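Notes to accompany the following structure.
Every number for a ligand or one of its atoms is a count from 1 in the order of the listing. One is the number of the first residue; the rest follow in order along the sequence. Only a predicted model underlies this, so the values are computations on that prediction, with no experimental measurement involved. Every heavy atom of this structure was used, including side-chain atoms; hydrogens, water molecules and symmetry mates were not.
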Amino acid sequence: MAPPRRHSRSLPRARSIRTTAVLISRHGPPEALVGREISLADPGDGEVHLRVEAAGVNFADLAMRMGLYGTVPPLPFSPGFEVAGVVARRGTNVTEFHEGDRVVALIRYGGYARDLIIPAKNLFRYPESLTPAQAAAIPVVFLTAHIALFTTAHATEGETALILGAAGGVGTAAVQLAVEAGLRVVGTAGTEAKRAFVCRELGAAACFDSRGDWEPSVLGHVGHRGIDVALDPVGGEATSACLRLLAPFGRLVFYGLSQAMPGQSRSWPRAAWAWLRTPRIHPLSLVERNTGVLGIHLLHLQRKEQLLRPAMESIYARAAAGRLRPIIDRTFPLTRDGAVAAHHHLHGRRATGKVVLTA
Ligand SMILES: NC(=O)c1ccc[n+]([C@@H]2O[C@H](COP(=O)([O-])OP(=O)(O)OC[C@H]3O[C@@H](n4cnc5c(N)ncnc54)[C@H](OP(=O)(O)O)[C@@H]3O)[C@@H](O)[C@H]2O)c1
């Protein structure tokens with residue numbers, strides 16, 4: 001996942017192409033996003049010009065906009081880890097892709113744009129049967145869920161998985177992957193409609209209210225044997241509950257601190273409170289209970305081509321076969337106002353599945 005080459009006004013260009021992008025200009029509420037017309041450089045060696053048709057929106061985009069995300073370029077920059085589009089032009093030494101190819105790309109930032117210059121090694125083909133919005137809804141959430149469940153926790157058939165935020169982007173992907181692999185899934189979600197979706201549509205055995213005290217309900221459902229794999233993107237007391245619920249040889253995979261972002265603008269006290277409430281784990285406590293705690297960060301796996309490419313190819317093949325479904329809650333226009341509305345929508349915890357910006 002290399003970053004897209006920055007749109008540059010200073011590079012010499014054979015042709016000057018103007019395009020539009022949505023940028024984070026300052027840290028703040030969704031209205032801190034701005035639309036800009038920018039110049040696009042020509043694709044260089046090993047690069048393509050991608051005409052973007054759809055861009056996935058992720059929770060981390062909100063964190064970036066609020067100034068609560070670690071690995072970001074200087075302001076202003078465009079967020080967006082994943083796009084689907086059409087190869088418009090090729091630079092030198094690009095042989096695997098051609099003009100007109102429909103592809104998805106994983107990038108570190110920059111996806112809220114109509115055009116991108118991007119290394120060809122970041123591109124993946126996707127099946128004809130998927131729309132660009134469906135294709136753009138897959139990479140981050142399915143890769144994160146796949147890596148959490150199988151590369152990190154080594155989840156296996158017959159085990160029980162607890163998936164927090166089960167109706168969200170990563171959550172809906174994780175529930176599907178776990179059910180497909182023969183795990184018994186218990187989730188949490190914030191509304192009755194979301195919980196019904198997670199059980200009836202995705203096949204979870206049970207789903208409990210994420211806004212309430214779900215720990216006794218989970219325990220009542222799985223019994224004292226406990227949970228084999230817990231996926232925790234929430235932090236704070238949710239992490240403590242997951243640890244208490246782990247069975248012997250249970251694995252907790254931690255991959256987010258959603259609790260640090262209860263509002264639409266950065267609040268250092270709330271972020272600090274979530275951080276402080278997240279348990280500090282002494283290795284001896286793991287020894288005593290025969291449990292493990294693991295963490296993942298997709299961005300920091302960007303050089304693991306040998307892990308990401310086969311996983312992506314397998315996920316898209318299963319999506320084409322109807323075994324996995326990209327769940328799209330809503331699409332918004334790939335414009336500044338569309339991105340503002342999309343961010344508001346995610347902050348509201350209303351989405352079941354992904355939010356996607358479409359051109
Ligand atoms: N480490 C990585 O590589 C990686 C990669 C992708 C995502 N993530 C993390 O995974 C999480 C989910 O990402 P996503 O893109 O799937 O987001 P999403 O679609 O917005 O889903 C997040 C879910 O978390 C719950 N939530 C939202 N705000 C919350 C809060 N303040 N406190 C507690 N729960 C909250 C909501 O569920 P309910 O209201 O239904 O409970 C929401 O549906 C985020 O924390 C994100 O940063 C990490």
[atom] - nearest protein heavy atom and its distance:
| atom | result |
| --- | --- |
| atom 16 (O) of ligand 1 | Val170 N, 2.8 Å |
| atom 41 (O) of ligand 1 | Ser210 OG, 2.5 Å |
| atom 32 (N) of ligand 1 | Arg349 NH1, 3.6 Å |
| atom 44 (C) of ligand 1 | Phe59 CD2, 3.4 Å |
| atom 18 (P) of ligand 1 | Gly169 N, 3.9 Å |
| atom 45 (O) of ligand 1 | Ser258 OG, 2.9 Å |
| atom 3 (O) of ligand 1 | Leu298 N, 2.6 Å |
| atom 11 (C) of ligand 1 | Pro233 CB, 3.4 Å |

Open item on the list: Closer than 3.5 angstrom, by distance alone: can the side chain of Thr152 be matched with the main-chain N or O of Ile147 as a donor-acceptor pair?
Closed with: yes
TODO: Look only at the side chain of Gln302 and the backbone of Leu299, and say whether a donor-acceptor pair between them is shorter than 3.5 Å.
DONE: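 Yes, Gln302 side chain to Leu299 backbone: donor-acceptor pair under 3.5 Å.
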Open item on the list: If we only consider heavy atoms of Pro262, is any one of them less than 4.0 Å away from an atom in ligand 1?
Closed with: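 Yes, Pro262 has a heavy atom closer than 4.0 Å to ligand 1.
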Task: Any Lys354 heavy atom less than 4.0 Å to ligand 1 - done: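 No.
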Open item on the list: Under the criterion ring-ring contact (aromatic ring centres under 6.0 Å, His included), I'd like the reasoning laid out for His146 against Phe150: C-alpha separation, chi angles, the key distance, then a yes or no.
Closed with: CA-CA 6 Å; His146 172 87; Phe150 305 119; 5.5 Å; yes
- [ ] Supply the atom-to-atom distance Leu294 CG to Phe254 CZ, rounded to the nearest 0.5 angstrom.
- [x] 12.5 Å
Task: Greater than 12 external heavy atoms within 6.0 Å of Arg26's CZ - done: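 Atom CZ in Arg26 is packed in, count exceeds 12.
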- [ ] Could you tell me which atoms of ligand 1, counted from 1 in the order shown, lie closer than 4.0 angstrom to a heavy atom of Thr144?
- [x]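 Answer for ligand 1: 4 (C), 5 (C), 6 (C).
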Task: Atoms of ligand 1, numbered as shown, that sit under 4.0 Å from any heavy atom of Lys194 - done: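 This gives 37 (O), 38 (P), 39 (O), 40 (O), 43 (O) as the contact atoms.
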